[in-house]
2 protein chains.
Amino acid sequence: MPRNTVSAELIVTAALRLLDQVGVEAFSVRALAKELGVAPMTLYTYFRGKDELLDAVRDHALGNAALTTAYGGWQHQVRTICRRLRGQILEHPCLTSLLQQRPLAGHESAESAESLLRALVEAGFNEENAARAYTTLLGFVVGVTTLEVRLLEENSDPERREKVREIMSGLPADRFPQLVAHTPALRHTIGGDVQFEFGLDLVIAGMEQRLILSP
Amino acid sequence: MPRNTVSAELIVTAALRLLDQVGVEAFSVRALAKELGVAPMTLYTYFRGKDELLDAVRDHALGNAALTTAYGGWQHQVRTICRRLRGQILEHPCLTSLLQQRPLAGHESAESAESLLRALVEAGFNEENAARAYTTLLGFVVGVTTLEVRLLEENSDPERREKVREIMSGLPADRFPQLVAHTPALRHTIGGDVQFEFGLDLVIAGMEQRLILSP
DNA sequence: ACCTGAACACCGTTCAAGT
DNA sequence: ACCTGAACACCGTTCAAGT
């Protein structure tokens with residue numbers, strides 16, 4: 001039998017590509033093995049199981065982040081780090097699912113966590129509130145970006161798109177006037193940086209406000 | 001053969017209970033059928049497939065929301081609606097996964113969406129920014145609450161808990177001083193309302209600020 | 001150590017058949 | 001219409017065996 005035809009590195013890279021292509025739902029160890037031209041059980045030499053493999057993929061996708069330190073005032077630092085995390089998720093849509101199912105610690109690479117916390121401490125937050133602000137930012141970024149990715153997927157699938165359109169146009173305008181009135185805006189608003197920046201502005205402005213009241 | 005031993009209502013209720021118990025990962029049509037004491041294929045009389053069933057479960061879990069109108073100033077209304085959504089997710093943890101994978105429209109019950117949008121318009125947001133604020137709130141609530149649920153799960157599983165502790169204590173304090181220093185705060189801070197209210201305060205304060213500058 | 005095929009206990013779903 | 005068992009094409013993973 002040929003030896004060292006694959007490696008942990010190779011498996012993870014191929015898994016990441018396959019996950020982004022077909023989605024977490026359709027991804028399977030067997031499909032990955034076929035992609036690599038190897039027997040399914042070969043992968044178990046490198047990973048204890050599917051879970052461990054997915055953890056490695058998540059770490060790999062996040063670890064590829066530019067480790068550049070964020071410069072400028074704390075607001076600018078926070079913005080930079082959050083945008084970077086969002087960028088990683090958009091680049092690897094499977095991260096939406098991987099991050100939801102397997103957070104781990106602060107649930108991204110240690111470098112991001114470190115620089116985000118540093119910026120928050122520099123802003124003036126005390127220990128506890130820095131941790132709270134950190135969790136808020138993480139939840140916000142992952143939540144909004146996940147929503148964005150899912151809605152874009154929904155929009156690109158003609159069948160699902162039609163189904164949603166049907167539901168929305170079926171809403172009685174007298175019971176849901178705001179919802180009906182805002183449907184175009186809600187549609188037009190998804191995907192793209194403006195939505196994300198809008199939310200990020202809100203959170204950061206809220207932080208500035210909070211720091212005046214109590215750190 | 002006995003007739004009408006099950007119904008769509010019964011199936012959805014049992015599915016919701018099973019999903020909360022074992023998680024979306026372990027949930028299967030066959031397991032649900034066994035739970036109901038019925039052949040797997042029986043469920044296909046009521047639902048076209050697993051996807052349609054999960055959609056129904058998601059709607060059912062969200063639809064159970066108290067439809068009470070939110071009173072008070074727009075800030076209080078927004079707070080009430082966001083807390084209610086978080087409450088639903090905490091009550092049915094499987095909603096974290098169901099909402100991530102299958103958003104649908106504004107991705108909760110139409111009543112919530114309607115009252116949230118109404119509050120935002122009342123606050124003074126124009127059409128586009130009301131939609132943006134809505135998406136921000138939705139992403140924030142689902143994101144932060146999902147993070148909360150996952151970290152609590154992680155904490156309650158002794159094996160995973162130990163693994164995380166190992167990773168965190170293995171971090172070099174000279175490279176990640178903030179992360180190491182904040183590990184206790186990050187641990188102590190998860191779960192419970194204070195973390196959620198902290199973030200909600202930030203977003204709402206940010207909105208107040210934003211409304212002064214431009215609606 | 002690295003890689004394999006066969007096998008086990010599962011999946012979701014189609015199909016033909018029963019009432 | 002409602003419910004069924006058998007069957008199909010999949011899963012993840014264990015196990016014994018090969019190099």
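Because the structure is predicted, anything quoted here is derived from the model rather than measured. Chain letters run A, B, ... following the sequence lines, proteins first, then strands; residues in each count from 1.
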Bracket string, DNA chain C, 5' to 3' - pairs by Watson-Crick or G-U geometry under 3.5 Å, | interstrand: ||.|||||...|||||.||
Could you go through residues 4-23 of chain B and list every donor-acceptor pair under 3.5 Å that involves a side-chain atom there, pairing it with any protein atom two or more places apart or in another chain?
from, atom 1, to, atom 2, distance (Å)
B:Ser7, OG, B:Leu10, N, 3.1
B:Thr13, OG1, B:Glu9, O, 2.8
B:Asp20, OD1, B:Cys94, N, 3.0
B:Asp20, OD2, B:His92, ND1, 2.7

Closest non-hydrogen atom pair, A:Thr136 against B:Val144: O-CG2, 4.1 Å
For atom [atom1] of [X] and atom [atom2] of [N], their distance in whole Å:
{"X": "B:Glu25", "N": "C:dC11", "atom1": "CD", "atom2": "P", "answer": "13 Å"}
{"X": "A:Leu54", "N": "D:dG12", "atom1": "CG", "atom2": "C1'", "answer": "12 Å"}
{"X": "A:Ile11", "N": "C:dC2", "atom1": "CD1", "atom2": "P", "answer": "11 Å"}
{"X": "A:Glu52", "N": "D:dT13", "atom1": "CD", "atom2": "C1'", "answer": "14 Å"}
{"X": "B:Lys50", "N": "D:dC10", "atom1": "NZ", "atom2": "P", "answer": "17 Å"}
{"X": "A:Asn4", "N": "D:dT19", "atom1": "CG", "atom2": "C1'", "answer": "12 Å"}
{"X": "B:Arg48", "N": "C:dC15", "atom1": "CZ", "atom2": "C1'", "answer": "18 Å"}

What donor-acceptor contacts under 3.5 angstrom involve side-chain atoms of residues 165-174 of chain A, with partners at least two apart or in another chain?
from, atom 1, to, atom 2, distance (Å)
A:Arg165, NE, A:Glu162, OE1, 3.3
A:Arg165, NH2, A:Glu162, OE2, 3.2
A:Ser169, OG, A:Arg165, O, 3.1
A:Ser169, OG, A:Glu166, O, 3.1

Listed partners of B:Ser28 passing side chain to side chain contact (heavy atoms under 4.5 Å, CB included), at least two apart: B:Arg30, B:Ala31
Donor-acceptor pair, side chain of A:Thr189 and main chain of A:Leu186, under 3.5 angstrom: no
Check: B:Thr96 side chain, B:Pro93 main-chain N or O, donor-acceptor pair, under 3.5 Å: yes
Residues from residues 37-45 of chain B lying under 4.0 Å of DNA chain C - heavy atoms: B:Met41, B:Tyr44
Short side-chain donor-acceptor distance under 3.5 Å, A:Gln100 and A:Thr146: yes
A:Asn155 versus A:Arg187, side-chain donor and acceptor atoms under 3.5 Å: yes
Spacing of CG belonging to A:Leu120 relative to CG belonging to A:Leu116, to within rounding of 0.5 Å: 5.0 Å
cation_pi(B:Arg86, B:Phe196) dist<6.0 Å, angle<=45: yes
Nucleotide of D:dT13, C:dG12, C:dC2 approaching A:Tyr46 most closely (side-chain heavy atoms): C:dC2
Contacting residues from residues 27-35 of chain B, given that a heavy atom lies under 4.0 angstrom of DNA chain D: B:Arg30
NZ (A:Lys50) with more than 12 external heavy atoms under 6.0 Å: yes
B:Thr5 vs D:dC3: side-chain N/O to OP1/OP2 distance below 4.0 Å: yes
